[in-house]
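Presented below is the structure to which this report refers.
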Amino acid sequence: MAYQLYRNTTLGNSLQESLDELIQTQQITPQLALQVLLQFDKAINTALANRVRNRVNFKGSLNTYRFCDNVWTFVLNDVEFREVTDLVKVDKVKIVLPHSSTTE
Amino acid sequence: METSGRIATTPDALDFTVENVEKGLHQLYYDPNIENKNLAQKWLMQAQVSPQAWQFCWALLSPDKVPEIQYFGASALHTKISRYWSDIPSDQYETLKTQLFSQIACFSSGSKMVLTRLCVALASLALNTMPEVWPGAVPEMVRVFQEEGGGVDGRARCLALLELLTVLPEEFQTSRMPQYRKGQVRGALGREWGSVCPLLQQLLRQGDSPGAVKSRVLRCLSSWVLLDVPLSESEGLVEDCFTALPDPELFDTAVEAIVNAISQPDSQRYVNTLLKLVPQVLSLQEQLREAVQNGDMETSHGICRIAVALGENHSRALLEQVEHWQGFLALVNMIMFCTGIPGHYPVNETTSSLTLTFWYTLQDDIMSFDCERQAVYLQVYRPVYFQLVDVLLHKAQFPSDQEYASWSSDEKEQFRIYRVDISDTLMYVYEMLGAELLSNLYEKLGRILTNTEQASSWQHTEALLYGFQSIAETIDVNYSDVIPGLIGLLLRININNVQLADTVMFTIGALAEWLADHPVMLSSVLPLVLQALGNPDLSISSVSTLKKICRECKYDLPPYASNIVAVSREVLSKQIHKTSQCMWLMQALGFLLSALHVEEILRNLHSLITPYIQQLEKLADETPNPSNKLAIIHILGLLSNLFTTLDISKQEDESGESTAPPVKTAPLPPGPNPVVVVLQQVFALIQTVLSKWLNDSQVVEAVCAIFEKSVKTLLHDFAPMVSQLSEMLGQMYSTIPQASALDLTRQMVHIFARETDHFPPIKALFDLVTSVTLSIFQQGPRDHPDIVDSFMQLQAQALKRKPDLFLSESLDVKAVFHCGLLSLKFPEAPTVKSTCLFFTELLPRCSDVPPVARVVQENGKLLLQAVLEAIGGGSSRSLMEQFAEVLFSLNKHCFPLLTVWLKEALQAQGFPSTRVTTEQKDTFTQQILRERVNKRRMKDIVKEFTLVCRGLHGTEYAAEYCL
């Protein structure tokens, strides 16, 4: 199963905007738009899983966490992100993670 | 061509007859004109779903037709059965079934693709009629195909039956049926397994079954186990799969079937079966070793998949079977063998990476036991994990220089990724093994570096350091007592290779936090880093390491500061590093200088930046051209990056927090901040540069960046420069308006507008940029969405921080309001967002800023119309929340007016969309007016209404849209 959370990214939003426009001008049907969106989910999930190995480390204090409907949510306070050379401090971070065993 | 011409010209007028379909297919396959092909395709799709399809599909299947035509017939049949089932009267089910059976029998020795399609069609029929109408579907299928007759030989009938049985569960998985029906059919299919299983077993065990049949049996099994059939019931078949593994013809399908069966989530319930599988898997070790020896990657990969599937899915269940611990341990060792499979990834092998997740799972399962049991397991598995570390570090080793040079860039990248995965695994393993892991690595490193008899390879040393770095990078190694020794060893390494040198640098960088607590060791590592700084091959690793050290250890670096600055100056002047590394280096120096006394900072700053100032002076005199532009931007960038991290304000609080001795605290200096001193000195020069480059947005951006970064770090310390900068910004913007100038203005408004002393210059600047921007709007703002965006953000900021700015007589509030209306219709989403923000900040000011109240009263209806137009389909759907916020704000702050405006605006026919009825508009109005407290609800109402306006309401597509 491909997760849909990447629809809410710049790329995903732009795609949906274009699909909306095509539907409104009756160039494609909503069914076809849905197929495109599902294909996007598949493609982006695969690409992110297989093609990206950039690493960012971070630490902070865990405020709350939950595991609901196969999705982990962590809320962290006072988080420091470290990339190769950069350090970014953030007061509050929310991490949403679909459980990996169901992505396969 | 005559026929293609007919379909191409009048596609709709053609009847869906056999003849026309054949012509259409001919056109689809053979017409050279792509447009004709497309037309034919479209027409055929219509034909396929037309009521006539029920008639022509049978005719198309006739034996005298070519397979392409027969295929279309079968495909149309499947489409009708799966999607238009309700077309068929129930008294015809039986006839349809019989016809399909006889067609499948005919094609069992005919075209394979037509046969498959027909099987799928019959499967679809079975799924539609199970379990009530056709209770014993599978036994009937088996019986029909076992009957002799029809002139078709037994083997072909058997293959056709297996094909049918394979596609049945597949068709179930892909079919779209309601949830309740899905459960029902799944249950019915599960019961059918009772008939399928013995058949498959019989075919697989028959000595005289041909390979093709056995292979089809295995595929059929794969298909059925995905339905979650109980592992205990498929146990015998899975065992048979193991016996099929030595047969190369059956190997792949057998592996697939075993892995599918083992990986079913439900299979963990059948512990006894799983226990029986362990020795089966272990018995493959001989075959595995042989395959590895012969370089047979396919076979080793397949066997590894089986071992990993069992280990990864069932480690918890198998660990719990304490009396069988030896069997499981043997399985773990088998997987270890796969992890350590000889050769380099990805060139000689690709199997080892399959195993990494298993080690996480096993560790998680062990660590989740209660303390007592965990201790017992750890006794057995700690040594295993230590061995794993050795294996992984061996696999992480670079190949010989010569071999590595022969790899393609793609292979090198794969290897890098593989090493990152190993690094992640090591980091996780550390959680289990703890500090002992570091001591273990340290001992090994010590042994190879101090062994004088046998020279070790650089690859070995590099891998051990890589292991260290993987752990130290993310885990606090403060309590490990081997780090001082490690640093001692680092100094002994004969660095004769770039990869090794890189890893040495990254390891030092990973220890930066540790060095902050043990500053005495700085004197040992700094020379190494400074030396590496001069090597362009080590650019990224050395600069990033220096930056980490400067950031973490700045209070301990003053004794080394002049040396670091001197080396940095030299490498910068020799242009050893690329632009981005130069910027990092400046940030490092900013950290470094922050901890010095003011005089020291100024002295170092001068020595560091004087050459650049001189160069900039020279460049400012030259006639603008592309190459001196790059040089100017580079120098301005260096200054911005330096000022981003040069922050003396933190000296007090940070050193107060730490346990460092008070000696380190530089007293907060009286007088201006050194950054301000430098900025004031270069201010005139920057103005000169600007005077020549005012047209160039990149140079203007670079100039603004210097001040933006400085303001961000200096905050109120920047005060002495407010009036100077305001004046310069005003001049810049009125000559050539640029978005970056507006962004800087916004930041100044944010920090200084509330301060009485600074209000006059800020107000003057605000009035000026506003009036300049208004004139842009008069000339047509469409070419400047970035300026409009920044302008709206500035206005919103002003309304938020200092609404008094809107009381000024020189500010044309009405014109600003109208600019906002225009900006709402921009296609650029960020601009529209900023504009919505502007209006949501503006409307609450109706109560305390009279000019705002006046403008809203007179022009608010236009705003409402613009918002409704956007919701009606004029703007992207992702912006609906922002428009809902504006509506909410209107409702909260201008309720009586909104009531009237809404009524008037929505009266117009076809507004905001032709798709909404008057009733729908009325409901929307009522809902909006009712919602004055709950913003979330308002957003939902708007989202709902926008779907109706766009004709998307109720579509599955809109339901899937998650914003």
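Residue numbering restarts at 1 for every chain, and letters A, B, ... go by the order of the sequence lines.
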_Part of Gln414(B) within contact of chain A (heavy atom distance under 4.5 Å)_ = neither
*Quick check: does any side chain N or O of His577(B) sit under 3.5 Å from a backbone N or O of Leu533(B), one acting as donor and the other as acceptor?*
yes
*Residue Gln31(A) versus chain B: region with a heavy atom under 4.5 Å*: neither
*Six-ring centre of Tyr466(B), Arg419(B) cation under 6.0 angstrom, axis tolerance 45°*: yes
*So which of Leu19(A), Leu32(A), Val36(A) has the largest heavy-atom pair count under 4.5 angstrom toward chain B?*
Leu19(A)
*Between Glu80(A) (side chain) and Val88(A) (backbone), is there a donor-acceptor pair under 3.5 Å?*
no
*asked:* Among residues at least two apart in sequence or on other chains, which ones pass ring pair (Phe, Tyr, Trp, His ring centres under 6.0 Å) with Phe945(B)?
replied: Phe924(B)
